[in-house]
Amino acid sequence: MRGKDFKDVNTNAFTAPELYPSWIQGGAGLTTYRQEQPFQDYEKSLALLSNDQTPIPALDNMVQKAWDMFAMRAYTHWYTRYGMAEEEFIDCFAKLEQIISNYRTL
């Protein structure tokens, strides 16, 4: 967590023991780092690294919305104008879908 008001972030939702395998002892499943200095030009930023199935619904939702927007050609003209090919979008969607599949097999 970086930036303004980082001390007010509540991480209690990530301390539940059932989120972690039994072989992780004594709250070692969650480590937080906080820095008052902002990241680049962002007033606040946060990164979460996780290796479990918790992010599946959010990733699934994100990919579905991206596919829907891509199918409607929303914003794609901005990217193609600067040289990004539509195949690159499809490759990115495929990679994200593979990541979701990998998480489901954890």
Side-chain angles (χ1 to χ4, degrees):
M1 293 173 269
R2 295 186 72 158
K4 183 179 175 183
D5 302 326
F6 72 92
K7 294 175 186 173
D8 299 333
V9 176
N10 184 348
T11 59
N12 290 341
F14 300 102
T15 60
E18 59 270 11
L19 292 175
Y20 306 100
S22 59
W23 49 266
I24 293 183
Q25 301 291 319
L30 175 68
T31 304
T32 59
Y33 298 97
R34 300 163 191 243
Q35 173 60 253
E36 192 169 340
Q37 181 178 358
F39 177 70
Q40 294 187 0
D41 293 330
Y42 298 102
E43 184 177 287
K44 300 176 186 180
S45 63
L46 180 124
L48 173 65
L49 302 177
S50 176
N51 198 19
D52 63 9
Q53 293 182 340
T54 307
I56 290 174
L59 289 172
D60 236 352
N61 186 36
M62 179 182 66
V63 171
Q64 184 58 51
K65 284 183 180 181
W67 269 117
D68 292 344
M69 290 176 69
F70 180 72
M72 300 299 287
R73 301 293 185 239
Y75 304 106
T76 56
H77 66 282
W78 290 107
Y79 294 92
T80 56
R81 176 188 291 176
Y82 293 101
M84 187 170 176
E86 290 190 8
E87 293 79 27
E88 292 178 84
F89 282 98
I90 295 169
D91 289 344
C92 290
F93 296 147
K95 287 177 185 176
L96 283 170
E97 288 172 344
Q98 183 61 54
I99 289 169
I100 293 168
S101 175
N102 292 347
Y103 270 111
R104 282 196 170 109
T105 61
L106 284 178

Taking everything shown except Lys44 itself, do over 12 heavy atoms lie less than 6.0 Å from its NZ?
yes
More than 12 heavy atoms from other groups under 6.0 Å of CD on Glu86
yes
Go through the side-chain N and O atoms of Asp68 and Gln64 and say whether any donor and acceptor fall under 3.5 Å apart.
yes
Taking Glu88 for its side chain and Ala85 for its backbone only, find out whether a donor-acceptor pair lies under 3.5 Å.
yes
At their closest point, which heavy atom of [X] faces which heavy atom of [Y], and how far apart are they?
X: Thr11; Y: Leu30; value: O-CD2, 4.1 Å
X: Tyr103; Y: Gln53; value: O-CG, 3.1 Å
X: Phe70; Y: Ile90; value: CE2-CG1, 4.1 Å
X: Gln37; Y: Arg2; value: O-NE, 3.1 Å

Distance, nearest 0.5 Å, that separates [atom1] of [X] from [atom2] of [Y]:
X: Met84; Y: Thr76; atom1: CE; atom2: OG1; result: 10.0 Å
X: Tyr75; Y: His77; atom1: OH; atom2: NE2; result: 9.0 Å
X: Met1; Y: Asp8; atom1: CE; atom2: CG; result: 10.5 Å

Step-by-step side-chain contact (heavy atoms from CB on, under 4.5 Å) determination, Ile100 to Met62
CA-CA 11 Å; Ile100 293 168; Met62 179 182 66; over 6 Å; no
Compare all side-chain heavy atoms of Arg104 with those of Asp60 and state whether any distance is below 4.5 angstrom.
yes
Flag yes if Ile99 and Ile56 sit in one hydrophobic cluster, no otherwise; membership is Ile, Leu, Val, Met, Phe, Trp, Tyr, and two members link when side-chain heavy atoms are under 4.5 Å apart.
yes
If hydrophobic clusters are built by linking Ile, Leu, Val, Met, Phe, Trp and Tyr wherever their side-chain heavy atoms come under 4.5 Å apart, do Val9 and Tyr33 end up in the same one?
no
What class does the angle between the rings of Phe89 and Tyr79 fall in, given that below 30° is parallel, 30 to 60° is tilted and above 60° is perpendicular?
perpendicular
